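All values reported here derive from a predicted model rather than from experimental measurement.
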Amino acid sequence: QVQLVESGGALVQAGGSLRLSCAASGRTISTYAMGWFRQAPGREREFVAAFMWSGAIPYYADSVKGRFTISGDNAKKTVFLQMNSLKPEDTAVYYCAAGTVWGSRDSGRYSYWGQGTQVTVSS
């Protein structure tokens, strides 16, 4: 069993920064690929970034590339999403996910999900 708990969401001004955290637990968590997704009201859940504990090069959705950075602390099994230069269109509930397929942008390929953390960016 894998459990994921996100934190760090907040209300920020456009151009500001936030760092989201995903605390991961479970006996086999280190074998999973990690991802961040987000979902705005009335929209489908969309891929944001993917990360591997092994150090594979992460990749990002085009909409966040150059602004967001995904990283992890292997000792603490915590995944981070550093979000800079935030825009109002980044407003969404952000979810941490764990899956068995590296780099998948398809939410259906992830088996475990956190509860989500709200990020709101004001104009």
Enumerate the ring-ring contact (aromatic ring centres under 6.0 Å, His included) contacts for residues 17-47, please, sequence neighbours excluded, ordered by first and then second residue. Y32-Y112, F37-F47, F37-Y110, F37-W113, F47-Y59
Salt bridge (Lys or Arg N to Asp or Glu O under 4.0 Å): which pairs involve residues 90-105, sequence neighbours left out? R38-D90, R67-D90
Report yes or no: do V64 and L81 belong to one cluster of Ile/Leu/Val/Met/Phe/Trp/Tyr joined by side chain heavy-atom distances under 4.5 Å? yes
Is any side-chain heavy atom of I70 closer than 4.5 Å to one of Y60? yes
Do T117 and S7 have side chains that get closer than 4.5 Å, going by heavy atoms? no
Whether T120 side chain and L11 backbone form a donor-acceptor pair below 3.5 Å: no
Any side-chain donor paired with an acceptor under 3.5 Å for T78 and D73? no
Spacing of Y94 atom OH and L18 atom CG [to the nearest 0.5 Å]: 9.0 Å
D62/K65 ion pair, N-O < 4.0 Å: yes
Give the minimum heavy-atom separation between S17 and S85, together with the two atoms involved. OG-N, 4.3 Å
Got S25 and K77 here, is their nearest side-chain heavy-atom distance under 4.5 Å? no
Side chains of V119 and T91 in contact at under 4.5 Å (non-hydrogen atoms): no
Separation between CE (M34) and CZ (F51), nearest 0.5 Å, reads 8.5 Å
Do V12 and M83 sit in one hydrophobic cluster, given that two such residues count as connected whenever their side-chain heavy atoms are within less than 4.5 Å of each other, even indirectly? yes
Close side-chain approach of Q13 and V121, heavy atoms under 4.5 Å: no
V2, L20: one ILVMFWY side-chain cluster at the under-4.5 Å cut-off? yes
Do you know which two heavy atoms are closest between A14 and S123, and how far apart they sit? CB-CA, 4.5 Å
Are Y95 and L4 connected, step by step, through hydrophobic side chains (Ile, Leu, Val, Met, Phe, Trp, Tyr) whose heavy atoms are closer than 4.5 Å? no
Quick check on Q3: does its CD atom have over 12 non-hydrogen neighbours (other residues, nucleotides or ligands) under 6.0 Å away? no
Minimal non-hydrogen separation, Q118 against A92, with atom names: NE2-O, 3.4 Å
Out of curiosity, C96 SG to E6 CD, how far, rounded to the nearest 0.5 Å? 5.5 Å
Going hydrophobic residue to hydrophobic residue with side-chain gaps under 4.5 angstrom, can you get from L86 over to V93? no
Working to the nearest 0.5 angstrom, can you tell me the gap between F80 CZ and S71 OG? 6.0 Å
Side chain to side chain, V48 and F68, heavy atoms closer than 4.5 Å: yes
Roughly how far, to the nearest 0.5 Å, is CD of Q1 from CD1 of I29? 10.5 Å
